[in-house]
Asks: 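Here's a structure for you.
So you know, we letter chains A, B, ... as the sequences are listed, proteins then strands, and number each from 1.
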Amino acid sequence: MVLKYRIKAKIKYVISFLFIIYATTFLVNAGDKTIKKYSFSAYYGLRNVKCDSFPNSNNLDFMNYLYVETEYPEFAEYDFIGFSAHLWFKNNWDVDIKLAMFDDFIPDNINISAQYFPFKFIGFNMAIYGYPQTMENFDYFHKINEPDYYTYADYRQRNVYELGLLAGPVLKFHYRILNVVMKLNFGINELFPFSEDIHQKQIDANYRRKLIYETNWSSAFFFFPETELEIDCFKISGKTFGVRMQSNWFTTKRSIDYTKTVFEWTEDNSSKQIVKNPKHQFSKFEYDFGVFLRL
Amino acid sequence: MKKLINAISFLILINIIKLFSGCGPCDCNIAPGTFDFTQIKTENINNAGRWHSITESDTLKAAAVAFKISVSGNDTLLSAYHISSFGFSQACAFECYCPIPFKPNQLIEDISIKTIYDLSDDMPAGSDITNFFVGYTDNYSNTSDKLYLSIDEILNKINPDMLYDTQTVSFQVYLKKEITVQKAQFLFSITLSDGRVLSDTTSLITIE
């Protein structure tokens, strides 16, 4: 399963990268008629995650096992490097493509947005936004709640992926060497379903069972303000080099519901149960620093 | 003299070629031997932990009663023979090992398990308690926390097309019920396709 996920992720990477190159090249070449200017940037950032954790109930709650740094809470849960391209079109449209990756070098943190500015400073933003996060050690639920069993999970860590659509007002202004963009986004995202198997054997007994958790598509509304600041540092041959800083805050309330199938003794002896878990308050705060080149 | 030298050189050349071209896949074209199932053997399994193991002990946990049953032929295992060649031996980094194939003359058609002592109200002495067991076969074994097979599924999987270097077919059975008495003993009967029944009784088990 991990291999299948990695292959799919690498395919996403190739498609994304080719899309950026094609889109940029095509539009630039089509271009002087279409694009006023464009910029590329590279950045390094950190992501802090907070998620409510509820006491164990009768059923496994996967939201309790999202990766949150507890040993060193002052450290961010994730760090990433990213690349982005920003295109300014002549008909008051801007396009922003951001791809970021963790240490696995899979660019699956995506933010592809389009903004339309009917006015000089105020416009409207629409985007596709997706990001992965790690979930781990969910087999501990069974190890803690069912100590008279040996418990094994096929995989004790996985990435869960959320992909959503967002929209909202955008404000931008430029003053000398400063460029600021502020977006106030609201959206809805889906948590991709996944499946996990837990195997158990009772201690001092022959009894064996297998639990299969199959999660459902899970929607949640989110609020996602973003702020970006660019400072022009110097110009060479009409090209502007500078530094950029970006931060955003993402908050939502969601649960991970699933169908639990329990096989006892043999594969043909099973029962199903639909489990609905309570919603957890989840938020993440990101900030990154980088450089840009504007042409 | 010149002809003799040419002949010797030619023979040496042939063997040198054979030396280096001999390292290929082993040519194990051995006709299978046939045999009759004539013996049955039962062994106790300790299944209290995560993994099961054969045990010499006659004490088993009340909810972990399990046995390994082996059905075999009379002949002892024949050792494999090495491929030999005329001239120099092959210059290979390995020896060619060809397992001896065996084909049993009978199929295992039925498994029956009876309890010799009273175990509970639904398992009185002498009753057939086959349905209270599940298990594994040689080719479907518990190497990765798999669930068990039913006895019917064991019968579907137990007859191999061919055995290699062995005349033994074995499987394991695990009792689903917890035994509440102190002593237990079981009679295993295997019915073969030629109508013969091979039987064996387990040792007297002390329930812990």
Side-chain angles (χ1 to χ4, degrees), chain A residues 1-5 59-60 62 65 135-158 194-214 258-273, chain B residues 44-55 57 59-68 113 119 123 129-137 140-157 171-180 184 186 202 205-208:
Chain A
M1 189 189 297
V2 171
L3 179 62
K4 195 176 167 184
Y5 172 77
N59 292 301
L60 169 60
F62 286 106
Y65 299 93
M135 188 174 63
E136 59 185 12
N137 297 327
F138 39 85
D139 56 328
Y140 280 15
F141 167 81
H142 289 285
K143 288 179 177 174
I144 293 168
N145 277 14
E146 296 159 348
D148 53 343
Y149 284 86
Y150 298 105
T151 297
Y152 312 97
D154 284 344
Y155 300 96
R156 292 171 56 195
Q157 185 185 75
R158 63 148 47 242
F194 58 89
S195 177
E196 286 295 343
D197 292 2
I198 298 281
H199 303 269
Q200 290 187 304
K201 179 195 175 291
Q202 195 170 14
I203 296 171
D204 288 344
N206 291 330
Y207 179 66
R208 283 187 180 273
R209 65 185 180 192
K210 178 171 71 174
L211 300 89
I212 298 181
Y213 292 95
E214 294 168 298
Y258 52 79
T259 300
K260 181 169 84 172
T261 306
V262 180
F263 295 85
E264 294 183 289
W265 294 102
T266 60
E267 293 280 350
D268 55 7
N269 182 24
S270 66
S271 59
K272 277 187 194 288
Q273 179 190 2
Chain B
N44 301 338
I45 289 178
N46 175 10
N47 197 37
R50 182 185 171 186
W51 304 114
H52 69 268
S53 60
I54 305 297
T55 178
S57 170
T59 300
L60 298 177
K61 295 283 186 187
V65 171
F67 303 96
K68 178 180 176 183
I113 308 170
L119 297 180
M123 293 191 287
I129 57 169
T130 311
N131 289 337
F132 290 113
F133 281 87
V134 289
Y136 298 109
T137 61
Y140 184 91
S141 62
N142 179 23
T143 54
S144 59
D145 296 301
K146 285 180 185 166
L147 293 172
Y148 301 104
L149 298 171
S150 65
I151 296 296
D152 287 340
E153 286 172 320
I154 289 174
L155 284 169
N156 285 338
K157 290 181 185 297
F171 59 95
Q172 302 133 43
V173 293
Y174 300 80
L175 181 61
K176 294 197 287 186
K177 294 272 192 177
E178 181 173 348
I179 295 178
T180 53
F186 302 90
T202 67
I205 305 297
T206 300
I207 300 299
E208 193 175 44

Asks: Taking all heavy atoms of B:Val65 and all of A:Asn206, pick out the closest pair and write down the distance.
Replies: O-ND2, 2.9 Å
Asks: Tell me, please, which residues at least two apart from B:Lys68 pass salt bridge (Lys or Arg N to Asp or Glu O under 4.0 Å).
Replies: none
Asks: Nearest 0.5 angstrom please: B:Lys146 NZ to A:Glu267 CD, how far?
Replies: 10.0 Å
Asks: Rounded at 0.5 Å granularity, tell me how far CG in B:Leu147 sits from CD in A:Glu264.
Replies: 10.0 Å
Asks: With B:Glu208, which residues qualify under salt bridge (Lys or Arg N to Asp or Glu O under 4.0 Å), at least two apart?
Replies: B:Lys61
Asks: Excluding sequence neighbours, so at least two apart, what forms ring pair (Phe, Tyr, Trp, His ring centres under 6.0 Å) with A:Tyr258?
Replies: A:Phe62, A:Tyr213
Asks: Hey, could you give me the CG/CG distance between B:Asn46 and A:Asp204, rounded to the nearest 0.5 Å?
Replies: 9.0 Å
Asks: Would one find more than 12 heavy atoms of other residues, nucleotides or ligands at under 6.0 Å from atom CG of B:Asn131?
Replies: no
Asks: For the atom pair CZ (B:Arg50) and OG1 (A:Thr151), what is the distance rounded to the nearest 0.5 Å?
Replies: 10.0 Å
Asks: Considering only heavy atoms, which portion of A:Tyr152 lies under 4.5 Å from any heavy atom of chain B: side chain, backbone, both, or neither?
Replies: side chain
Asks: Within residues 143-150 of chain A, which residues come under 4.5 Å of chain B, heavy atom to heavy atom?
Replies: A:Tyr150
